[in-house]
Amino acid sequence: MLKGKKLAVIGVGKLGEALITGLLKEGNLQAQDISGSVCHEASLERVKNKLSIAVTLDNKKIASDADVILLAVKPQNMDSVLGQIKDVIDSKKLVISVAASVSTAYVEQRLNQSVAVVRAMPNTPCVMNAGMTGICSGTHSSAEQMALAKEIFDCVGKTVLIDESLMDGLTALSASGPAYLYVVIESLAEAGVKLGISRETSTLLAAQTMYGAARMVLESNAHPALLKDMVTTPAGCTIDGLMELEEGKLRVTLIKAVVKAAQRARELIS
Ligand SMILES: NC(=O)c1ccc[n+]([C@@H]2O[C@H](COP(=O)([O-])OP(=O)(O)OC[C@H]3O[C@@H](n4cnc5c(N)ncnc54)[C@H](OP(=O)(O)O)[C@@H]3O)[C@@H](O)[C@H]2O)c1
């Protein structure tokens, strides 16, 4: 469904760039099928050099020429961007918003007509085609348009369909999640350094271990607790490490971090 479609990405910042890079890598869209927009003149060159797509400051023009419009500006910029493109959006186009906290109703109201809107929440590993995206449907998006949105995000990783009421929770878990996990990798690498291993090797050990553990969870379908038990030899060294983690309240800290981020996600647009 995606082949031959024109995609406009309004707001080619960190997330917009990650998505475009992933889509181009996968080859489902060519550079000439994608156009992008930014806010500042100075950003035009940055995007042109990095992505070799057409880039402009004119949101209305690229929205008018596209079949799918992906809104990747900050939540606080959504109102003005929707105002700029409102007149060129018709019922044949699909509007996808990746802005945290911005509901499909918010977008629909500002576009002021029966426009197909999908809310999506990807994460930056899309750049490596290892992204995780949640999508939910607005009032007027058809099954076919949802399938098209899913196809876009499937190109850059995995996609789940989720109820809109759970979007802030998903934002806090998988969109913010890479930041938490980078802290974990950084901390494990620091431990390696403390134990005399070079920083470069320590970072490789930590990151590849996290990658391997994630693959074990995804591909074995085993409960993470069971996989943890497989590493924990009675009277071995892992149990001592795990006891330190329990004493440092790692589990409850991670749970509270995600819950707190979800609360904040609810406030971003108000
Ligand atoms: N970063 C993530 O991991 C992540 C994950 C999921 C969802 N999101 C969502 O993605 C959106 C963008 O986040 P980000 O981290 O990519 O932010 P960002 O790096 O600041 O990018 C925002 C981009 O929007 C552009 N922009 C601002 N106003 C504009 C306008 N009126 N017209 C056209 N472009 C405009 C900016 O242009 P200039 O470069 O010229 O300033 C910038 O390139 C947010 O709504 C966020 O909630 C982000």
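The chain is numbered in sequence order, starting from 1. Each ligand, and each atom within it, is numbered from 1 in the order the structure gives.
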Which protein non-hydrogen atom lies closest to [atom], naming both residue and atom, and how far is it?
atom	result
atom 24 (O) of ligand 1	Gly11 CA, 3.4 Å
atom 34 (N) of ligand 1	Val38 C, 3.3 Å
atom 45 (O) of ligand 1	Val73 O, 2.6 Å
atom 20 (O) of ligand 1	Lys74 CE, 3.4 Å
atom 41 (O) of ligand 1	His40 ND1, 2.9 Å
atom 32 (N) of ligand 1	Asn59 ND2, 2.9 Å
atom 31 (N) of ligand 1	Val81 CG2, 3.5 Å

Looking at [Y], is its backbone amide N or carbonyl O close enough to the side chain of [X] to form a donor-acceptor pair, meaning the two atoms are under 3.5 Å apart?
X	Y	value
Glu108	Gly138	no
Glu17	Val12	no
Arg46	Ala42	no
Lys158	Asp154	no
Asn123	Ser174	yes
Ser101	Ala265	yes
Asp33	Lys6	no

- Can you name the residues that form a side-chain hydrogen bond (donor to acceptor under 3.5 Å, both in side chains) with Glu186, not counting sequence neighbours?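 So Glu186 forms no side-chain hydrogen bond (donor to acceptor under 3.5 Å, both in side chains) with any residue.
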- Message: Quick check: closest heavy atoms across Leu24 and Leu51, and the distance to 0.1 Å?
- Response: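 Heavy atoms of Leu24 and Leu51 come nearest at CD1-O, 3.9 Å.
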- Query: Looking only at heavy atoms, which two atoms of Ile62 and Gly36 are closest? And how far apart?
  - Reply: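 Ile62 and Gly36 have their closest heavy atoms at CD1-C, 3.7 Å.
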Can an N or O of [X] be found at a distance shorter than 3.5 Å from an N or O of ligand 1?
X	answer
Gly16	no
Leu15	yes
Val12	yes
Gln84	no
Lys14	yes
Thr124	no
Pro122	no
Met121	no

- Message: Taking only non-hydrogen atoms of Ser37, do any sit less than 4.0 angstrom from ligand 1?
- Response: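 Heavy atoms of Ser37 do come under 4.0 Å of ligand 1.
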- Message: Yes or no: does Arg46 have any heavy atom under 4.0 Å from an atom of ligand 1?
- Response: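 So Arg46 counts as touching ligand 1.
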- Given side-chain contact (heavy atoms from CB on, under 4.5 Å), test Leu57 with Val38 step by step and report yes or no. CA-CA 6 Å; Leu57 300 176; Val38 286; 3.9 Å; yes
- Query: Which ligand 1 atoms, with their elements, are less than 4.0 angstrom from a heavy-atom of Ala72?
  - Reply: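 Counting from 1, the qualifying ligand atoms are 11 (C), 12 (C), 22 (C).
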- Just jot down the ligand 1 atoms closer than 4.0 angstrom to any heavy atom of Val98, in number order.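 Close to Val98: 7 (C), 8 (N), 9 (C), 10 (O).
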- Message: Test of understanding: given a 4.0 Å heavy-atom threshold, classify the contact between Pro75 and ligand 1 as side chain, backbone, both, or neither.
- Response: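 The answer is both, backbone and side chain.
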- Message: Tell me the contacting part of Ser43 for ligand 1: side chain, backbone, both, or neither, using a 4.0 Å heavy-atom threshold, strictly below.
- Response: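 The answer is the side chain of Ser43.
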- Message: Once side-chain contact (heavy atoms from CB on, under 4.5 Å) is applied, do any residues pair with Leu173, and if so which ones, sequence neighbours excluded?
- Response: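 If we apply the side-chain contact (heavy atoms from CB on, under 4.5 Å) test to Leu173, skipping adjacent residues, the hits are Val258.
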- Item | side-chain contact (heavy atoms from CB on, under 4.5 Å) between Lys93 and Val68, intermediate numbers included | CA-CA 6 Å; Lys93 294 185 194 281; Val68 180; over 6 Å; no
- Item | Sidechain N-carboxylate O distance under 4.0 Å for Asp168, Arg119 |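 Judged by the 4.0 Å cut-off on N to carboxylate O distance, Asp168 and Arg119 do form a salt bridge.
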- Message: Measuring from atom 28 (N) of ligand 1, which candidate in Cys39, Gly36, Ser176, Ala18 has the nearest non-hydrogen atom?
- Response: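 Checking each option, the heavy atom nearest atom 28 (N) of ligand 1 is found in Cys39.
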- Message: If you take the nearest heavy atom of each of Gly13, Ala100, Gly134, Ala120, which one is closest to atom 46 (C) of ligand 1?
- Response: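 Considering heavy atoms of Gly13, Ala100, Gly134, Ala120, the nearest to atom 46 (C) of ligand 1 sits in Ala100.
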